[in-house]
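Some notes on the structure that comes next.
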Amino acid sequence: MFCFQCQEAAQGTGCIRRGVCGKTDDVANLQDLLIFLLRGISIQATRLREKGIEVSKANKLTVDALFMTITNANFDKTRFEEKIREAFAIREELNHMLSAADISLDNDACDCLTWKADTLTEMEEKATQIGVLSTANEDIRSLRELLTYGIKGIATYAEHAYNLGFEDSELYAFMHEALVATRNDQLSADDLTALVLKCGNMGVKVMALLDEANTTTYGHPEITQVSIGVRNNPAILISGHDLRDMQDLLEQTEGTGVDVYTHSEMLPAHYYPAFKKYKHFVGNYGSSWWKQTDDFETFNGPILFTTNCIVPPKANATYADRVYTSGSSGFNGFPHITDRVNGQPKDFSGLIEHAQRCPAPTEIEKGTIIGGFAHEQVFALADQVVEAVKTGAIRKFFVMAGCDGRMKSREYYTQFAQQLPQDTVILTAGCAKYRYNKLPLGDINGIPRVLDAGQCNDSYSLVVIALKLKEIFGLNDVNDLPIAYNIAWYEQKAVIVLLALLSLGVKNIHLGPTLPAFLSPNVADILVNTFGLAGIGTVDEDMKLFLGE
């Protein structure tokens with residue numbers, strides 16, 4: 001295996017025997033093989049689309065498969081074998097459609113269109129031949145992978161929108177265009193760079209689509225105090241990002257005596273008006289995704305993963321028989337909830353019955369945390385915010401969105417938040433907030449100093465807020481606002497957020513705790529010279545840099 005798609009790439013270069021995330025080499029290789037087959041299907045889908053033929057099966061497979069391969073989403077080897085066989089079947093269907101439409105692929109020479117295996121052994125052998133390092137040129141490889149990781153991020157948000165009945169065919173077309181480009185040896189570094197920037201545009205588009213899906217279905221997030229204590233009822237802990245799964249679970253647990261708590265990136269579900277009517281939706285339990293091995297032990301009830309952020313349980317874990325997966329997530333030995341059919345709810349009855357046999361969660365903390373500062377809620381506070389800026393009560397905003405992770409170096413973000421002057425405000429989205437959202441940072445004239453917009457996909461809200469402030473202050477350039485960007489990243493959803501910000505012209509973003517291993521020196525130079533992208537230093541150094549002191 002060779003994998004360097006996440007921030008924890010071993011030794012800052014790549015994982016070669018086992019992923020730091022816990023992914024085994026055989027699973028990593030099958031993920032590469034699935035992406036390889038998607039390239040062939042993308043060639044077929046693109047040629048059919050040129051004739052006005054849209055193939056929903058190919059679109060759905062592309063989104064599902066890309067989502068399955070992001071960091072910490074799916075560790076289940078059997079699921080990847082099944083998805084590879086599904087890819088073979090869909091590729092064959094597309095071949096028949098191409099033939100019926102009199103479309104020839106003679107000029108698209110790629111064994112991703114023709115190679116097939118009957119056995120898992122054959123799949124595993126082929127998988128070792130088509131991985132990341134099969135692209136010899138370092139810069140081309142870097143740009144191909146940056147583009148691939150960008151569309152993986154797009155796929156995650158597109159799937160959540162799809163689950164709520166929202167789609168955009170332009171997104172499917174671009175994912176296929178990008179996958180075709182990553183196997184085209186005729187494309188130069190400039191060609192691929194242009195596609196990477198287009199990927200950022202598509203990132204804005206998909207986040208806007210998901211924002212529309214979420215707010216149309218569940219209402220606009222509201223300022224909400226979320227309990228971090230517990231009640232004396234059996235309970236289910238739901239993690240991940242999929243709000244449709246949250247809806248199904250809340251509907252089916254109502255009246256059962258089972259409470260529902262959120263973990264990590266599902267915390268922002270509490271901010272949506274539609275979920276507030278459920279009296280058994282009682283709070284958030286624990287902290288960031290990487291602390292789940294402790295949080296799950298004391299929760300006592302079953303845990304549902306709706307998406308990524310799985311940490312393989314330790315050998316002595318007592319909770320391993322209480323974890324369920326759904327959607328694109330998976331882990332060998334965890335029961336998987338069957339996908340919904342024709343939009344009907346998933347069946348969580350087994351999970352609920354399991355919860356009813358369990359004791360209530362053990363309390364690990366008390367109090368509340370506040371969130372719900374998405375764009376509409378901040379717009380409602382616009383007069384207060386503008387006045388605070390004009391009077392100097394707020395000197396600067398710091399966008400500290402993104403991901404959390406295990407590395408000790410991420411303590412930087414807690415220390416940075418603690419040392420920020422009292423006349424500054426943090427705008428956040430994603431699990432990066434767990435580094436500081438429970439700190440007593442206070443408020444400015446009633447405006448909390450940490451404004452949490454929601455999940456990583458809700459970074460879109462921060463963009464909308466910035467553009468609105470630009471308009472209010474009559475500025476020509478978003479970079480003239482008193483906003484600094486000090487973003488933490490971990491996986492591919494953060495990659496598409498970064499590309500989206502760059503596509504909107506945001507410059508001088510600081511990214512940490514390390515720059516991506518998949519950026520070759522030359523590609524990194526392009527981002528530095530064109531957009532002012534930089535890494536982080538020490539807290540003291542960066543404080544002086546950002547505040548000009």
Side-chain angles (χ1 to χ4, degrees), residues 4-5 32 35-50 58-59 62-63 65-67 69-70 107-108 110 112-113 130 132 134-158 168-209 489 491-507 509 511 515-531 533:
F4 59 178
Q5 70 177 0
D32 288 343
I35 298 296
F36 168 78
L37 293 173
L38 283 187
R39 293 189 175 110
I41 288 169
S42 295
I43 293 170
Q44 295 173 304
T46 299
R47 296 298 300 280
L48 286 165
R49 191 174 284 114
E50 289 169 354
N59 295 339
T62 301
V63 168
L66 287 171
F67 201 160
T69 63
I70 72 169
N107 295 325
D108 296 292
C110 177
C112 56
L113 285 162
I130 46 78
V132 171
S134 61
T135 300
N137 182 289
E138 181 183 34
D139 295 332
I140 297 297
R141 181 196 312 145
S142 178
L143 288 164
R144 284 178 172 179
E145 294 307 306
L146 177 55
L147 183 57
T148 300
Y149 304 152
I151 62 170
K152 285 187 180 187
I154 289 173
T156 65
Y157 301 144
D168 186 335
S169 59
E170 188 178 0
L171 295 170
Y172 299 132
F174 177 73
M175 284 186 270
H176 290 146
E177 178 187 4
L179 284 162
V180 171
T182 60
R183 47 78 50 196
N184 186 348
D185 293 332
Q186 304 306 309
L187 296 182
S188 66
D190 287 343
D191 295 328
L192 290 169
T193 299
L195 277 169
V196 167
L197 295 179
K198 184 177 179 181
C199 187
N201 291 330
M202 291 298 112
V204 175
K205 194 175 188 67
V206 75
M207 285 190 281
L209 178 70
W489 83 285
E491 39 87 303
Q492 297 78 66
K493 287 180 291 180
V495 171
I496 193 56
V497 170
L498 173 64
L499 295 181
L501 290 172
L502 297 182
S503 77
L504 290 167
V506 176
K507 294 187 176 181
I509 295 171
L511 189 67
L515 291 179
F518 53 79
L519 294 181
S520 68
N522 288 332
V523 172
D525 282 346
I526 292 172
L527 296 177
V528 169
N529 295 330
T530 306
F531 299 102
L533 185 71

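At least one donor-acceptor pair closer than 3.5 Å links the side chain of T156 to the backbone N or O of G153. In this structure a side-chain-to-backbone donor-acceptor pair under 3.5 Å is missing from E491 to Q5. In terms of modelled atom types and a separation under 3.5 Å, the side chain of D191 and the main chain of S188 share a donor-acceptor contact. With hydrogens and angles ignored, the 3.5 Å screen pairs a side-chain donor or acceptor of S503 with a backbone N or O of A500.
Between V495 and W489, some side-chain heavy-atom pair lies under the 4.5 Å cut-off. Residues I496 and M207 form no side-chain contact, since every pair of their non-hydrogen atoms from C-beta on lies 4.5 Å or further apart. Between H176 and R49 the shortest side-chain heavy-atom distance falls below 4.5 Å. Side-chain atoms of R141 and R144, non-hydrogen and from C-beta on, never get closer than 4.5 Å to each other. Within the 4.5 Å cutoff, side-chain heavy atoms of T62 are placed close to those of L66. Counting heavy atoms from C-beta on, the side chains of L515 and L527 never come closer than 4.5 Å. Contact check for E50 versus T46: side-chain heavy atoms found under the 4.5 Å cut-off. Counting only heavy atoms from C-beta outward, the side chains of V132 and F518 never approach each other to under 4.5 Å.
With no hydrogens or angles considered, no side-chain donor-acceptor pair links D190 and T193 at under 3.5 Å.
A pairwise comparison of heavy atoms in I140 and A189 identifies CD1-N, 3.8 Å as the closest pair.
Atom CG of residue L502 and atom CG of residue L498 lie 4.5 Å apart, to the nearest 0.5 angstrom. Summarising the geometry, atom NZ belonging to K493 is positioned 5.5 Å from atom OH belonging to Y157; distances are rounded to the nearest 0.5 Å. With values rounded to the nearest 0.5 angstrom, E145 atom CD is found 11.5 Å from S520 atom OG. Considering CG of L171 and CD1 of I151, their distance stands at 11.5 Å, rounded to 0.5 Å.
Here R39 pairs with I35, C112, T148, L179, T182, R183 under the side chain to side chain contact (heavy atoms under 4.5 Å, CB included) rule; sequence neighbours left out.
E177 has a carboxylate O that lies under 4.0 Å from a charged side-chain N of K198, or vice versa, which qualifies the two as a salt bridge.
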